[in-house]
Every structure is written in structure tokens, then in C-alpha cells.
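Inspection log for the structure reproduced underneath, given as C-alpha cells.
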Amino acid sequence: MKKLFSAAIAALLLLSLSACAAKARRCETTYLDLFDTVTTVVAYRGDETAFSQEARAIHNELLSYHRLYDIYNDYEGLNNLKTVNDNAGVAPVEVDEKIIGLLLRAKELYALTDGRMNIAMGSVLSVWHDYREAGLSDPDSAQLPPMELLEEAGEHTDLSDVIIDEEASTVYLADPELRLDVGAIAKGYAAEQVCRSLEENGSEPLLLSVGGNVRAVGAPESGGWTIGVQDPHNTQAYLWTVSLDSASLVTSGDYQRYYTVDGVNYHHIIDPDTLFPAAYCASVTVLTTDSGLADALSTALFTLPPEQGLALTESLEGVECLWVLPDGSILTSSGFPANLAG
């Protein structure tokens, strides 16, 4: 969570910072301290002060998830995922139920994606993280991780070594070299939990974007929320716009976090088979009701050949996807076009 996960995965259209349009009563506010990315709340409200309080409450709830899921920073008096990683092979760590819930959901999605979304890949991802950071700091000396180093890290990615005791609310990493990395699901899962709570409490419609993981609670009276799907080959343009009503839209792409070695860009979405950045597509956009599922699937599908990804998508009820292939061509699941705006 140390670097930007991308503020423009499926960008909100026509956003402005901390504004409330008096005539249209379209209010929005933006935060920069959650999951090291840009978080935006948008709603139509008649009272700007009440909206600011509403948005601040959403921010505070997301902040609790941010701290719990952080693998880089310690927080006084708090056991988070960094605490769990630091105690790998040492002892179980008692954690908040929000961590237990995330890890249990991640195990379900590991099975659903046949291991393509694996939160136990942290040892491999940390190698790429370190080399990417060094390459961004000194581009002229940027290097690729040695394959032997990646293969050694890849020996410590067995999700069965993540031992969860729900009754005791503890997590234990049985492999001392295993490290958790929840970047493929954390933002979407946190957004989903917050929005479900809002729905259960009768919230009026609003739109939440956590680093581009977009989740709509209901829809404004004028119709669904209109969300742009970026062109990965021209990030200043939108390929299509999608209409959202109580649903989520999440995109993973090769243009979001990368560094360059010898003129070639190496992005952050790692294929668990090759231990190198996946090269099947330029972006994958997932549309479904559950933002955590959408977040995880966007990563998993990015690491699959599009034909296999399409087959998986069509087997899942209520899930639609759009792929942009390296040559710019587009592939969609059967029901995706029906959700286009306009």
C-alpha cells in the first residue's frame, strides 16, 4: 500500500476537488490519505455541511481498514498485516475481525480463480516492489530482479500456510518466509464493506471511488452514475462509459504502476506462473455488485489468457468484463455492452 494503486482506473467523470454545486446540489470531496491513493465521495445533497459530515464518516471508516491492511507501517496499539508478516513462523497474532474477514474472503477467491489471486504472493511481490522503487529512484540504473531470486521467493507462496483461527481471532503464517500482500483485494473489499453498511442503514445514493475502485450505493434520480473506462493506450481518453446503480466497476491495467528497464515497461501485476508481469492484455475491467470480488477478479483475469478469462467470467453469475488486448482490440463478456451509458 506504499505506492499509488492508481487514481484513474475507472475515473469518475467531471470530478472537482471538494465542491458542492449549489444549483444541481452535486457534492463531492476528495481524500489523499487512504490506501496511498485518491478517494472520492460524490452525492446529490441539499446540505453541504451534512454531506461533509457524511463523507468524513466514510473516510474515517476507510481509514480503519487502511491501517489494518497496511503491510508497510506500524501503528501504536494496533496489530495489522505488517504485524502478522513480522511474526511469520514465530507466533499467531490476534487481529481485528476486519482482517479475519478479508483473509477468509481472499481464500474463497483464491479457490474461485484457481490460484490467480493469491494474497500469499507477498514474497515475490516484495522483490518486484524493491526493484521497481530502485528503478524509479535511479532510472539509468534500473534492473530486473534475477530469476533465481524470484524463484526462491516463489517457494514461499502457499496459501495453506496462512492459518486463520476464527474463534481466537488470530492469524499465523506457518512459513517464516511467507509474506501477505493484499493489494489485489484490499481497496475493493474495504469499499464494499463500507458501502454495504451504508445500504443497510438506508443511505441516500452516493458514489465512492477508492483509487478508481468504484462502488455505487443506489443511483441519483436522473439515472445511473456514469463512469468512464480508460483507454490503456491513451489514459486521457475513455473507451466507453458505463452506467452504475448499486454496483461496482474496477479496472486493472499495465499503465498504472510500472518502471522501465532498457526501454521496456514492467508493470506491477505479476503472473504467478512466470513470476513476471502478465502480458495477455493491456487492461481488464470488471463490473459486478461486489467491489471486493471485482477488485480480485480484475487482477486474476489480467493474469489469464483472455479466452480462459472469458470462460471464467461467463461461468459467474452477475459478473461482466471488458478486456483491452495489447493490439488495442476489445473483448467483452456477453452482457457487458448492455451496461453502457447513453
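What you find for Asn213 and Ser291 is that their closest heavy atoms are CB-OG, 4.4 Å. In terms of heavy-atom proximity, Leu312 sits nearest to Ser315 at O-OG, 2.6 Å. Looking at every heavy atom in both residues, Leu249 comes nearest to Ile227 through CD2-CG2, 3.7 Å.
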Let me check something: any side-chain donor-acceptor pairs from residues 325-333 under 3.5 Å, sequence neighbours excluded? List them with distances.
unit_1 : atom_1 : unit_2 : atom_2 : d
Asp327 : OD1    : Ser329 : N      : 2.9
Asp327 : OD1    : Ser329 : OG     : 2.6
Ser333 : OG     : Glu320 : OE1    : 2.5
Ser333 : OG     : Cys321 : N      : 2.8
Ser333 : OG     : Cys321 : O      : 3.4

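Following chains of ILVMFWY side-chain contacts shorter than 4.5 Å, one cannot reach Tyr280 starting from Ile270, and the two form parts of different hydrophobic clusters. Residues Leu104 and Tyr69 share a single hydrophobic cluster, defined by chaining ILVMFWY side chains whose heavy atoms lie under 4.5 Å apart.
Listed by chain and number, the residues in a ring pair (Phe, Tyr, Trp, His ring centres under 6.0 Å) with Phe276 are Trp128 (sequence neighbours excluded). Partners of Asp74 according to the salt bridge (Lys or Arg N to Asp or Glu O under 4.0 Å) rule, which considers only residues two or more places apart in sequence or in another chain, are Lys82. Checked against side chain to side chain donor-acceptor pair (under 3.5 Å), Asp175 has the following partners two or more places apart in sequence or in another chain: His156. Qualifying salt bridge (Lys or Arg N to Asp or Glu O under 4.0 Å) partners for Glu61, counting only residues two or more places apart in sequence or in other chains: Lys98. Residues that satisfy the ring pair (Phe, Tyr, Trp, His ring centres under 6.0 Å) test with Trp323, not counting sequence neighbours, are absent from this structure.
Legend: salt bridge (Lys or Arg N to Asp or Glu O under 4.0 Å) pairs involving residues 214-225, not counting sequence neighbours, sorted by first then second residue: Glu192-Arg215, Glu199-Arg215. Within the structure, salt bridge (Lys or Arg N to Asp or Glu O under 4.0 Å) pairs that include any residue of residues 106-127 comprise Arg105-Glu108, Arg116-Asp271, Arg116-Asp273 (at least two apart or interchain). Sorted by first and then second residue, the ring-ring contact (aromatic ring centres under 6.0 Å, His included) pairs involving residues 171-198 (not counting sequence neighbours) form an empty list. The stretch residues 291-310 participates, sequence neighbours left out, in these ring-ring contact (aromatic ring centres under 6.0 Å, His included) pairs: His267-Phe302. Judged as a salt bridge (Lys or Arg N to Asp or Glu O under 4.0 Å), not a single pair has a partner in residues 228-256 (not counting sequence neighbours). Applying the ring-ring contact (aromatic ring centres under 6.0 Å, His included) rule to pairs touching residues 200-224 yields nothing, sequence neighbours excluded.
You'll find the side chain of Gln143 stays beyond 4.5 Å of the side chain of Val261, heavy atoms only. Using a 4.5 Å cut-off on side-chain heavy atoms (C-beta onward), Leu102 and Ile185 make contact. In this structure, the side chains of Leu180 and Asn85 come closer than 4.5 Å at one or more pairs of heavy atoms. Between Pro220 and Trp225 the shortest side-chain heavy-atom distance falls below 4.5 Å.
Donor-acceptor pairing under 3.5 Å is recorded for the side chains of Tyr75 and Asp70. At a cut-off of 3.5 Å, with distance as the only test, no side-chain donor of His129 or Arg132 sits close to an acceptor on the other residue. Remark: the Thr83 side chain and the Asn80 side chain contain an N/O donor-acceptor pair separated by less than 3.5 Å. Residues Asp158 and Ser160 have side chains that bring a donor and an acceptor to within less than 3.5 angstrom of each other.
Between Arg45 and Glu54 there is a salt bridge, with a side-chain nitrogen of the basic residue lying less than 4.0 Å from a carboxylate oxygen of the acidic one.
Between Val217 and the choices Pro205, Ser197, Cys195, Ser246, the side chain to side chain contact (heavy atoms under 4.5 Å, CB included) rule is met once, by Cys195.
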